[in-house]
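Input: a single structure, listed below in structure tokens.
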Amino acid sequence: MASKRYKKPPPPATPDKVQKILSKKKSFVSYRQIVIAQVVLLALAAFAYQLWVRPSSSRGKDGEYNKLMNKPNSKTETKEKRNKESRSPDARPEAESGVSVQNHLKMQTVEVDGRELRIQEIGVKNRKSHAKVFIIEEFFSQYEMDNLIRAHDRHSSDESIPSPLFCFDDVMTLQSHLNDAGIPYTASDLDFSPGTYCTNATFSNQLKRLLKWSVSTAFYTGESKFSVTVGERIFKTTGLKSENGGKYQLTSYEEGVGYKTHTDCTLDSEKRDRYGTVLVYLQDVEEGGETRFPELDISVKPKAGRALIWNSMDSEGNCDPTTVHSADPVVAGRKVILQRWYYYHSFPTLGRRQLEPDLPVRLPGQPVVHCDRYDSGSCRWYDEWGFKHIKQYRKLTETGQI
């Protein structure tokens, strides 16, 4: 039997030789290991990024306060400042807290039910103004307008609705209206129900015979198929996002009724304010009722189906005082409009029907006539109650606590 020949083992590989072998030997296994390593590194990087940019609401009491008050945290503010110069003028920034920002109009012609909604821009002559004003004819069909007016009238003229209570911005507003009516009476806080700026039923019935007011009813997104349809139509033609929109208001003006000069936004206010307005006339008016912008030298006559769109704030969220406007009193006929305000910053309760306050004590379903500041507002009938007539709420608002 032949003996096996002894085979001398190869000498141990040096580090340089090992590196040389590995550089030449690219097997499937080593490639897979490289891919796995890259995936792991990417996952770790993504996890680290989430820890860095997560909302401040998960980091202590200050973060929770910012979340509740819709205030951006300092990290968000820093990022916004850093990216400000890189944004295009018509960009739509979205705050990291989930706030939707509406800072521009994006008008475009679209077709609805076989009719073309053409955009017509009205030239603004005031060079200091940031406002843009547009008109769209036949925004609603005759069928839509007829049904909106019918629903508004049916709801506001229901004989089962109790007589309204009257509320005022303050004592001076009540006094001014009494002076206008030629009533020799000195108003005081004692004329208001406890905790409110509202008069009791007896006094309200007397005011009902003295004052004039417009009538407003409201509906909200999601309460009907039409509410969603009109929101989508507005977005397609104007770029105004539904999530930044408030309630839809149907408002009617009888002869002799208008609304005094005012701005839709509030000067030196926060950014949870009215950026833009969509106003649609639902019927022709024989005489009067124009929407007038004195600083812009613009006057728009009511015409059935005509939509009037404008912005009241600039792209940075500052209220533009040149957008001051008024509704001329109706001389002959009747004026009915649909109106919706769109806010620069959205907030959780925007566009949602809210619980009504307990004060003042009132009958079930009793409406309110609220008279705004005498020099810049008028009286209006509402089918729902807000909080601006509550003294404690007004105090918290004026001191910036809410």
Side-chain angles (χ1 to χ4, degrees), residues 90 92 100 102 104-124 131-156 215-253 264 274-291 293 298-312 325 327 330 333-343 351:
D90 62 347
R92 290 182 182 176
S100 175
Q102 183 72 62
H104 76 297
L105 294 170
K106 186 178 181 180
M107 309 296 294
Q108 58 181 356
T109 298
V110 300
E111 186 174 305
V112 175
D113 298 331
R115 65 183 188 277
E116 196 172 52
L117 305 184
R118 292 184 175 275
I119 310 300
Q120 176 187 344
E121 183 171 2
I122 303 177
V124 174
K132 291 184 178 297
V133 184
F134 301 90
I135 283 177
I136 303 176
E137 302 290 358
E138 297 184 326
F139 192 81
F140 287 147
S141 68
Q142 191 61 53
Y143 174 81
E144 290 171 327
M145 293 185 289
D146 289 344
N147 279 280
L148 286 169
I149 294 173
R150 188 178 300 112
H152 170 72
D153 290 344
R154 182 173 61 247
H155 186 59
S156 60
V215 175
S216 180
T217 58
F219 63 93
Y220 293 75
T221 297
E223 292 184 343
S224 66
K225 183 179 179 180
F226 177 77
S227 67
V228 178
T229 299
V230 68
E232 292 175 350
R233 189 180 305 174
I234 290 173
F235 173 69
K236 289 178 180 178
T237 53
T238 69
L240 293 170
K241 298 177 286 186
S242 190
E243 57 264 37
N244 288 74
K247 61 184 178 182
Y248 294 94
Q249 294 186 85
L250 291 165
T251 306
S252 57
Y253 303 78
D264 284 349
R274 301 165 184 168
Y275 168 80
T277 302
V278 175
L279 185 157
V280 187
Y281 304 102
L282 302 183
Q283 64 181 40
D284 296 336
V285 179
E286 294 178 36
E287 185 179 356
E290 289 84 358
T291 303
F293 298 82
I298 292 175
S299 178
V300 179
K301 182 176 178 58
K303 179 183 177 182
R306 173 178 288 169
L308 174 63
I309 302 102
W310 73 91
N311 62 293
S312 297
H325 59 282
V330 174
R334 185 185 187 223
K335 175 182 173 182
V336 187
I337 63 171
L338 179 141
Q339 182 173 249
R340 193 185 195 193
W341 289 307
Y342 287 80
Y343 290 69

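We number each residue from 1, following the sequence as shown.
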Checklist line | Spacing of Ser227 atom OG and Glu232 atom CD [to the nearest 0.5 Å] | finding: 9.5 Å
Next item on the list: Supply the atom-to-atom distance Tyr343 OH to Asp264 CG, rounded to the nearest 0.5 angstrom.
Entry: 9.0 Å
Check: What's the verdict on side-chain contact (heavy atoms from CB on, under 4.5 Å) for Lys335 and Ser252, showing C-alpha distance, side-chain angles and the deciding distance?
Finding: CA-CA 6 Å; Lys335 175 182 173 182; Ser252 57; over 6 Å; no
Margin query: Counting C-beta onward and ignoring hydrogens, is there a side-chain heavy-atom pair between Tyr253 and Val215 closer than 4.5 Å?
Written below: no
Note to self: Show me the pairs that pass salt bridge (Lys or Arg N to Asp or Glu O under 4.0 Å) and involve residues 276-285, at least two apart or across chains.
What the structure shows: none
Next item on the list: Write down the atom of Val124, the atom of Ala131, and the distance for their closest heavy-atom approach.
Entry: CG2-O, 3.5 Å
Check: Going by an N to O cut-off under 4.0 Å, is there a salt bridge joining Glu144 and Arg233?
Finding: yes
Next item on the list: Answer yes or no: is there a side-chain heavy-atom contact under 4.5 Å between Ile136 and Gln120?
Entry: no
Checklist line | Qualifying residues under side-chain hydrogen bond (donor to acceptor under 3.5 Å, both in side chains), relative to Asn311, sequence neighbours excluded | finding: none
Check: Can you find a pair of side-chain heavy atoms, one from Lys303 and one from Glu137, that are under 4.5 Å apart?
Finding: yes
Notebook entry, point to check: Heavy-atom distance under 4.5 Å between the side chains of Leu279 and Leu338, does that happen here?
Noted result: no
Checklist line | Point-to-point distance, once rounded to the nearest 0.5 Å, from NZ of Lys241 to CZ of Phe235 | finding: 8.0 Å
Check: Quick one: side chain to side chain contact (heavy atoms under 4.5 Å, CB included) partners of Glu121, sequence neighbours excluded?
Finding: Lys132, Phe134
Checklist line | Sequence-distant partners of Glu286, side chain to side chain contact (heavy atoms under 4.5 Å, CB included), two or more places apart | finding: Ala332
Next item on the list: Would you check if Ile309 and Leu105 make a side-chain contact, meaning some heavy-atom pair closer than 4.5 Å?
Entry: yes
Checklist line | Residue pair Ser312 / Arg274, side-chain heavy-atom distance below 4.5 Å | finding: no
Next item on the list: Please list, chain by chain and in numerical order, all residues satisfying side-chain hydrogen bond (donor to acceptor under 3.5 Å, both in side chains) with Ser156, sequence neighbours excluded.
Entry: none
Note to self: Given 3.5 Å as the limit, does a donor-acceptor pair link the side chain of Lys301 with the main chain of Glu290, or not?
What the structure shows: no
Note to self: Side chains of Thr217 and His155: any donor to acceptor distance under 3.5 Å?
What the structure shows: no
Next item on the list: Indicate yes or no: at least one non-hydrogen side-chain atom of Thr251 is less than 4.5 angstrom from one of Val336.
Entry: no
Next item on the list: List for me each residue that meets side chain to side chain contact (heavy atoms under 4.5 Å, CB included) alongside Val300, sequence neighbours excluded, and say none if there are none.
Entry: Ile122, Ile135, Tyr281, Ile298, Arg306, Leu308
Next item on the list: Check whether any side-chain heavy atom of Ile337 lies under 4.5 Å from a side-chain heavy atom of Leu282, and answer yes or no.
Entry: no
Notebook entry, point to check: With sequence neighbours excluded, what pairs up with Gln249 under the side-chain hydrogen bond (donor to acceptor under 3.5 Å, both in side chains) test?
Noted result: Ser216
In a table with atom names and distances, give each donor-acceptor pair under 3.5 Å that connects a side chain of residues 107-115 to protein atoms at least two apart or in another chain.
unit_1	atom_1	unit_2	atom_2	d
Gln108	NE2	Lys236	O	3.0
Arg115	NE	Glu138	O	2.8
Arg115	NH2	Phe139	O	3.2

Next item on the list: Check Ser100 against Glu243 and note the closest heavy-atom contact, atom names and distance.
Entry: OG-CG, 3.5 Å
Next item on the list: For Arg340, enumerate each residue passing the side chain to side chain contact (heavy atoms under 4.5 Å, CB included) test, keeping only those at least two apart in sequence or located in another chain.
Entry: Thr221, Ser242, Tyr248, Tyr342
Next item on the list: Not counting sequence neighbours, list each pair that qualifies as a salt bridge (Lys or Arg N to Asp or Glu O under 4.0 Å) and has a residue in residues 145-154.
Entry: Asp153-Arg334
Note to self: Taking ring pair (Phe, Tyr, Trp, His ring centres under 6.0 Å) as the definition, give me every residue that meets it alongside Phe226, ordered by chain and number, with sequence neighbours left out.
What the structure shows: Phe140
Check: Mind checking what makes ring pair (Phe, Tyr, Trp, His ring centres under 6.0 Å) contact with Trp310, not counting sequence neighbours?
Finding: Phe293, His325
Check: Any side-chain donor-acceptor pair under 3.5 Å between Lys106 and Thr238?
Finding: no
